[in-house]
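In what follows, chains carry the letters A, B, and so on, assigned in the order in which the sequence lines appear, proteins first and then strands, with residues in each chain numbered from 1.
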Amino acid sequence: MSGVLHTAGDIVGDRYEVTTYIGQGGMQEVYRVHDRLLERDAVLKSPKNPSAKKRFNRSATLSARVNHDNVAKTLDYVEDGDRFYLIEELIEGCDLGYFLKNYVSILDPFAAGRVMHHLAKGLAASHRVNVVHRDLKPTNVMVVGGQNFTGFKITDFGIAKMAQEEIGEAVAGDEEGLTSSQTALGALPYMAPETIDDMQNAGKPADVWAIGALTFEVLTGNRPFGFGYRAVPLIQAAKVPPLPSPLTSNTQFAPFARAVFDLITACMQKNPAARPTADQLVTTCEGLYYSTVPREFGTIRRFDNSNWGFAGAPSGAVFCHVKSVFAASSLAVGERIWMTTYPGSPSRRAFPIVKAV
Amino acid sequence: MKLPARYEAVGSPFSGGGMSTAFKCKDKHLDRHVLVKVLQEGIDQKRILDEVKALSAIRSKHVVQIYDVLKDRSGAVTALVEEFLPGQDLDDVLPITDTSTFLRHIYAIACGLADIHAVGVVHRDIKPNNMKIDAEGCLRIFDFGLSRTDGVNSETIGTIGTLGYIAPELCAPANQKVSFTLAVDVFAFGATALKLVRGRLPSDLRAIPPNLPATDADFTKQTLALPPAIAATLNQCLSKKPMTRPSMETVRNIIGRHLLHGRHKATMIAGDKIHYLEKIGQSVKLSAGSLGSVDVSYDGYDFIATNVTGDVYINNMGIIPPQKLPGASVITLGAPSLGFQRQYITFDVTHPEVIL
């Protein structure tokens with residue numbers, strides 16, 4: 001796939017050399033570039049629609065206000081000919097939507113809590129400078145390190161302001177109108193009830209709701225109210241579905257899953273004023289217990305009985321017990337898993353284990 | 001120097017760290033404040049090139065972000081543009097009177113320096129003056145005007161740095177070449193930590209060369225009570241010999257470990273029953289009649305298995321007490337030959353995450 005605006009070798013603003021096309025969001029094309037002035041790589045974003053200049057510039061200045069490790073840094077804004085560009089720090093990794101689709105679709109409660117904690121930190125910093133994101137969703141969260149899952153950064157702050165009209169019209173309209181807008185379809189599952197009524201209501205509490213909805217998805221593998229047009233009345237009713245029983249049936253996970261779920265439901269209250277502020281959410285997340293030991297992927301190689309077997313992984317053979325698996329009660333040869341491993345004999349032992357894609 | 005139209009000076013210029021003049025400017029493209037540091041006339045251009053190179057290479061939440069460089073007509077770099085950091089100078093919050101704030105600050109500095117050293121850069125002017133707490137409470141290191149790549153032109157004539165933070169090996173007679181390594185930053189880190197505790201540096205450290213060891217520079221003898229492991233590590237940072245100073249990575253890990261002191265929680269599950277172990281000094285006995293038993297206690301850092309009787313295994317490993325438990329394990333009571341009669345207890349350690 002290649003971009004429409006640029007090909008490799010193009011120089012933008014007399015400074016940024018296009019190296020590869022990364023992809024496209026709803027409103028913009030994204031490229032990897034080499035900053036020839038500072039001799040480092042960066043990300044370049046440009047709106048598909050050049051008539052959106054004013055709104056694009058506005059979104060760039062909004063994102064430039066936020067300065068926090070859990071938010072992608074805005075480095076530069078340049079105009080070149082009739083095009084205009086935002087330059088952002090390069091994050092080696094992938095977006096969370098890609099991670100969920102291609103690597104691991106249900107995170108264990110420890111990893112889910114960690115994602116929520118980091119996003120709450122980034123959100124708190126942006127709300128402190130009065131920047132509302134408006135379109136928090138997995139594809140707007142960068143996973144630092146990709147498969148290594150080392151950190152999380154919110155990106156595309158303010159970009160949603162550009163899409164606000166499109167989303168607002170599509171969601172307020174009929175099913176056909178909604179499905180014709182990819183932007184609105186992507187945004188809908190994370191939209192708060194008050195923004196369904198009117199996108200003008202997208203304030204700080206709506207961002208907090210979105211973090212709740214996003215965490216629900218990484219913990220359960222499902223969007224809380226599904227997607228598409230049928231989600232609309234369910235979001236408006238704001239009744240968060242309970243945790244599916246496989247997520248709470250294992251005593252080793254249940255207390256942690258419930259702790260994260262309690263935060264999710266606090267964020268997803270219908271009344272915006274009843275939701276915690278981003279700062280309050282950070283404080284609560286600071287009380288979450290999890291482990292920060294790195295994860296690794298493995299593949300089940302042997303499974304001779306119904307309870308335990310061994311996976312092949314970078315750290316060697318790993319002992320895997322079905323009771324260490326989150327949200328599932330079986331393992332089978334050939335299955336990919338994502339886990340943390342600890343010393344054991346004769347091989348290391350995995351805990352927690354989740355099934356990888 | 002005339003600034004490009006993009007940058008508009010706000011307020012009057014101030015010193016940008018000895019080599020340059022700094023201007024707070026409005027970046028009209030992004031409608032935000034930035035700091036423009038212009039190299040002073042007569043100063044070697046290498047200074048600003050070194051600073052640009054260092055800042056471009058380092059990726060750290062604890063280091064100021066560079067955005068742009070400005071060149072004159074001949075193409076020579078004359079200024080750099082970096083993020084403007086509102087917030088308090090670290091110098092303004094001294095001395096620090098509570099241990100937990102002190103530990104968080106030196107942890108942040110150690111994280112930043114470890115990141116700086118990871119790309120082979122020596123800062124060469126580490127001191128509280130060159131650090132700020134940003135609006136989000138995150139400590140940031142700036143002023144890389146003296147920085148060099150480790151091993152590249154890592155010799156200098158005469159003493160460069162700031163009095164009180166200069167490592168002993170740099171205190172050579174004038175005109176004599178001295179070599180510096182990453183360890184000069186480790187020394188300056190130790191001096192910075194001392195300044196945080198005391199408010200001002202003792203005269204023994206402000207001498208050239210510093211008089212070490214000295215009681216006033218001994219972290220075990222300060223008013224602020226420090227955990228012994230931390231005090232010992234900080235004392236090592238002030239070693240006379242560069243070789244005996246720890247790496248910043250080691251220092252970071254030791255402080256990071258201490259930040260979680262007493263904050264771990266072990267979740268033990270036997271059958272459907274959940275038990276927690278989380279108080280320092282607390283101990284539990286895990287036993288299954290005559291099959292075997294083991295005591296597990298929490299010392300604030302680790303969970304330790306002692307008093308083993310009968311057959312006890314951790315992740316299928318035999319125990320040699322006192323033994324630290326891994327972060328997640330299954331404790332098995334009873335010999336393998338007992339099969340289904342063996343008792344299993346899961347033992348998982350979690351903790352809050354300290355994000356600075």
Side-chain angles (χ1 to χ4, degrees), chain A residues 15 35 37-40 57-58 60-65 67-70 73-79 86-87 89 110 113-114 117-118 121 124-125 128-129 251-252 254-256 282 285-293 319 321 323-324 340-352, chain B residues 6 27-32 52-53 55-57 59-62 65-69 71 77 80-81 83-86 134-138 140 260 263-265 267 269 271-274 276 278 313-318 325-330 344 346 348-356:
Chain A
R15 174 170 173 182
D35 175 353
L37 199 56
L38 293 176
E39 292 294 332
R40 64 180 179 192
N57 179 265
R58 175 79 187 135
T61 57
L62 276 179
S63 61
R65 265 201 243 163
N67 196 347
H68 189 270
D69 190 52
N70 293 116
K73 280 189 170 44
T74 302
L75 301 176
D76 198 2
Y77 176 88
V78 291
E79 298 185 4
L86 175 76
I87 317 296
E89 77 170 301
F110 308 102
R114 185 151 191 252
H117 188 177
H118 284 247
K121 291 281 281 189
R128 190 138 30 251
V129 290
T251 328
Q252 227 175 329
F256 301 96
V282 168
C285 285
E286 282 169 352
L288 281 178
Y289 280 76
Y290 49 82
S291 154
T292 52
V293 182
F319 174 84
H321 198 286
K323 283 194 172 165
S324 301
T340 302
T341 72
Y342 293 94
S345 173
S347 44
R348 294 174 72 80
R349 174 180 168 267
F351 181 84
Chain B
R6 173 174 183 173
D27 169 7
K28 290 191 219 160
H29 283 199
L30 281 166
D31 190 29
R32 68 177 168 190
V52 169
K53 195 175 168 209
L55 287 174
S56 305
R59 291 182 72 106
S60 174
K61 67 194 269 190
H62 298 293
Q65 180 73 46
I66 185 169
Y67 295 137
D68 200 359
V69 300
K71 296 177 176 177
V77 174
L80 66 86
V81 182
E83 70 181 299
F84 177 79
L85 294 172
D134 76 13
E136 288 299 310
C138 184
R140 312 283 292 264
L260 291 175
R263 304 180 69 191
H264 303 86
K265 177 157 83 176
T267 304
I269 300 168
D272 280 330
K273 291 220 172 78
I274 304 186
Y276 297 104
E278 55 190 324
Y313 301 87
I314 294 169
N315 283 351
N316 210 31
M317 301 178 287
L325 295 187
S329 59
V330 171
Y344 301 96
T346 60
D348 301 317
V349 181
T350 53
H351 54 79
E353 184 179 13
V354 179
I355 309 177
L356 295 178

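- Chain B forms the most heavy-atom pairs under 4.5 Å with one residue out of V293(A), T74(A), N70(A), and that residue is T74(A).
- In terms of heavy-atom pairs under 4.5 angstrom with chain A, the leader among A135(B), G318(B), S329(B), C138(B) is S329(B).
- In this structure, chain A has a heavy atom under 4.5 Å from the side chain of K71(B), while its backbone stays farther away.
- Side-chain contact between R15(A) and D68(B): present, with at least one pair of heavy atoms (C-beta onward) separated by less than 4.5 Å.
- The shortest non-hydrogen separation linking T251(A) to I269(B) is O-CD1, 3.4 Å.
- Taking 4.5 Å as the limit, some side-chain heavy atom of I355(B) sits within range of a side-chain heavy atom of H118(A).
- Taking every heavy atom of both residues into account, E278(B) and Y289(A) meet most closely at OE1-OH, 4.3 Å.
- Interface summary for chain B: among D35(A), L37(A), I87(A), the most heavy-atom pairs under 4.5 angstrom belong to L37(A).
- The most heavy-atom pairs under 4.5 Å with chain B, out of K121(A), Q252(A), H68(A), come from Q252(A).
- When the candidates S60(B), G327(B), P326(B) are compared by the number of heavy-atom contacts under 4.5 Å with chain A, G327(B) comes out ahead.
- Neither the backbone nor the side chain of P352(A) comes within contact range of chain B; no heavy atoms are under 4.5 Å apart.
- R114(A) CZ to E353(B) CD: the interatomic distance, rounded to the nearest 0.5 Å, is 4.0 Å.
- Side chains of E83(B) and N67(A): a donor on one and an acceptor on the other come within 3.5 Å.
- Neither the backbone nor the side chain of F84(B) comes within contact range of chain A, judged by heavy atoms closer than 4.5 Å.
- The closest side-chain heavy-atom distance from R59(B) to E89(A) is below 4.5 Å.
- Counting only heavy atoms from C-beta outward, the side chains of Y77(A) and D27(B) never approach each other to under 4.5 Å.
- Your options are L356(B), T346(B), V77(B), V354(B), and the one with the most heavy-atom pairs under 4.5 Å with chain A is T346(B).
- Taking every heavy atom of both residues into account, P255(A) and I274(B) meet most closely at CG-CD1, 3.9 Å.
- Heavy-atom distances place no part of F319(A) under 4.5 Å from chain B, backbone and side chain included.
- Taking 4.5 Å as the limit, every side-chain heavy atom of P352(B) sits out of range of all side-chain heavy atoms of L288(A).
- Within the 4.5 angstrom heavy-atom criterion, no atom of K323(A) approaches chain B.
- Interface remark: I66(B) contributes backbone and side-chain atoms alike to the contact with chain A (heavy atom separation under 4.5 Å).
- Neither the backbone nor the side chain of R348(A) comes within contact range of chain B; no heavy atom of the residue lies under 4.5 Å from a heavy atom of that chain.
- Counting all heavy atoms, side chain and backbone alike, Y67(B) lies closest to L75(A) at CD2-O, 3.6 Å.
- With respect to chain B, the highest number of heavy-atom pairs below 4.5 Å among A125(A), C285(A), A254(A), A350(A) belongs to A125(A).
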Going through the checks in order, is the salt bridge (Lys or Arg N to Asp or Glu O under 4.0 Å) test met by R65(A) and D31(B)?
CA-CA 8 Å; R65(A) 265 201 243 163; D31(B) 190 29; over 6 Å; no
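- Summarising the geometry of N316(B) relative to P346(A), their closest heavy-atom pair is ND2-CD, 3.9 Å, with the distance given to 0.1 Å.
- Of the options I314(B), N315(B), V330(B), D348(B), a side chain to side chain contact (heavy atoms under 4.5 Å, CB included) to Y342(A) is made by N315(B) and by none of the others.
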Using the side chain to side chain contact (heavy atoms under 4.5 Å, CB included) rule, take T292(A) and H351(B) through it: C-alpha gap first, then chi angles, then the decisive distance, then the call.
CA-CA 9 Å; T292(A) 52; H351(B) 54 79; 3.7 Å; yes
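- Residue S324(A) does not touch chain B at all, counting heavy-atom pairs closer than 4.5 Å.
- Proximity to chain B (any heavy atom under 4.5 Å) is shown, for E79(A), by neither the backbone nor the side chain.
- Between V52(B) and L38(A), the closest heavy-atom pair is CG1-CD2, 3.7 Å.
- In summary, E39(A) and K53(B) do not engage in a salt bridge, as defined by a charged side-chain N under 4.0 Å from a carboxylate O.
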